[in-house]
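Data block below; observations after.
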Amino acid sequence: MSGTVIAIDGPAASGKSSTARAVAEALGFAHLDSGSLYRAVTLVAIGEGERRGTDPAGVDPDTTLRSAEDRGLLLYPDGAGFAAYLDGVPVDGPIREPAVTRYVSAVSAMPAVREWVNARLRSLVRSGRNVVVDGRDIGTVVFPDAPLKVFLTASPEARAGRRISQRGHVIDVDELARETAALAARDEADSARPVAPLRRADDAVDIDSTRLTFEEQVGRIVALARERLHAG
Ligand code: CDP
């Protein structure tokens, strides 16, 4: 029996992952971060690029995916959700490094990579767990029948400011401008790709978190889930 899916999509740094994790916790669901799998595949592509002395975005996707399988890339249950493992160790730190963020849109635009990731996400849900899944195409492509879909946005400045505060230092104007531009470039790449672009599902509920506290945005989604799914 398949589990129930709550889909949370939206642009880069809109707070999807932390929100999805808190919603999952409130409902007793597991959190499934599809971006972590794309990031882990990108880490593998970077390794292959280094071995060949080529740009990671130019590595053939079949080579990358074969290497991912040889190195045992998987999402492993970690209590609240799933953590990406490579070579038998968690790679939560390495997949958030700037080099991965730089190449992840190019690697995840490759159709073979998307099919590989989608097959893994669907098989985790087929195993029967209820999950809150966050990403770019969860409500449109991966789980189009999800009974609750949320499209989470925030202004570019709010998103850049939040991303910088995660780094634990005071925000300066230049860094804010650089981060805003980097997020805009990634959103543009994710929205313009021909396969599974970042797009709001027609039946998604919009939540703009620019002026909401974290508790408010989580509370809205949990309330919607309780209404629709009689969950938690
Ligand atoms: O956390 P952040 O918003 O930086 O991004 P993420 O969720 O970790 O996703 C990283 C990248 O993976 C995105 O910029 C997309 O290129 C890709 N991605 C995707 O194509 N489809 C998904 N369902 C999730 C992520």
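In each ligand, atom 1 is the first atom listed, and ligand 1 is the first ligand listed.
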Are V205 and R220 side-chain neighbours, meaning at least one heavy-atom pair lies under 4.5 Å? no

Scanning both residues in full, the closest heavy-atom pair of T101 with R96 reads OG1-O, 4.1 Å

With sequence neighbours left out, what residues match D190 under salt bridge (Lys or Arg N to Asp or Glu O under 4.0 Å)? R136, R193

E48/R51 salt bridge by N-O under 4.0 Å criterion: yes

Checking the side chain of T42 only, and the main-chain atoms of Y38 only, is there a donor and an acceptor separated by less than 3.5 Å? yes

If the test is salt bridge (charged side-chain N to carboxylate O under 4.0 Å, His left out), which one of R186, R167, R163, R159 qualifies with E179? R167

Using heavy atoms and a strict 4.0 Å limit, residues surrounding ligand 1 turn out to be A12, A13, K16, S34, G35, Y38, R39, R96, V104, S105, S108, R114, G135, R136, D137, I138, R163, R186, D190, R193

